[in-house]
Amino acid sequence: MRLEKLKDEIRAMVKEVYPDREWVLVFGEGPAQARLMLVGEAPGEQEAMLGRPFVGKAGKLLDAFIAGTGLTRGEMYVTNTVKFRPSRISKAGRVVNRTPTQEEIAAFLPFLKKEIAQVDPACVVTLGNVPLRALLGEKETIGQAHGQLRRQEDRLYFPMYHPASMIYNPGLKAIFAQDMEKLGQLIKNIPIFNE
Ligand code: URA
């Protein structure tokens with residue numbers, strides 16, 4: 001219920017701050033009281049088309065790696081930092097994804113923080129630099145922060161590379177798999193997950 005109200009608040013913010021366009025919004029999904037929450041960057045084309053987070057190429061990769069850990073996507077709450085698809089027109093005239101701007105991230109951040117507070121997961125997994133920097137500080141870099149459990153304001157965070165980065169850099173697959181394995185182990189050892 002509170003998450004529904006939050007969606008209305010996000011819709012109202014987007015109407016006010018970005019009145020020039022009808023934006024398709026992709027909200028978080030999963031159990032409202034999930035113990036594990038995954039936070040991505042922003043929806044891509046498939047996500048905007050289907051209205052669900054991580055259902056395109058990056059999502060399929062994510063699912064494949066989750067499958068190896070004993071965790072299931074169904075027990076996770078999955079969301080994004082920015083809830084619309086940041087896009088631009090390429091030189092070839094196609095609509096392509098772009099990284100969200102600092103203004104877009106700042107506009108959505110208070111709502112992401114509320115979303116985290118409402119779901120109240122034991123651990124938040126940030127995927128890539130955008131949620132890492134938004135939630136843990138601008139100076140962070142995923143190359144250094146990935147795979148290390150962090151505590152901030154009484155919540156655990158586990159930064160991971162963004163699954164899409166493996167599409168461009170297949171060398172990251174082994175690191176991503178290692179971090180996912182570590183996450184699976186950590187969860188077994190965090191008492192709150194096993195209550
Ligand atoms: N990349 C993201 O960060 N989020 C999605 O939902 C899909 C791709």
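In each ligand, atom 1 is the first atom listed, and ligand 1 is the first ligand listed. Just so you know, these numbers use all the heavy atoms, side chains as well, and skip hydrogens, waters and symmetry mates.
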- Message: Under the rule for salt bridge (charged side-chain N to carboxylate O under 4.0 Å, His left out), what residues qualify as partners of Lys114, not counting sequence neighbours?
- Response: Glu9
- Message: So Arg35 and Glu75, do their side chains get closer than 4.5 Å, heavy atoms only?
- Response: no
- Set of salt bridge (charged side-chain N to carboxylate O under 4.0 Å, His left out) partners for Glu115, sequence neighbours left out: Lys83
- Query: Any side-chain heavy-atom pair from Thr72 and Ile66 closer than 4.5 angstrom?
  - Reply: no
- Expected contact list for ligand 1 at under 4.0 angstrom, heavy-atom basis, is Gly40, Glu41, Ala42, Pro43, Glu47, Pro53, Phe54, Asn80, His162
- Item | Side-chain (Thr81) to main-chain (Gly40) donor-acceptor, under 3.5 angstrom | yes
- Quick note, side-chain hydrogen bond (donor to acceptor under 3.5 Å, both in side chains) partners involving residues 153-164, not counting sequence neighbours, are Asp120-Arg155
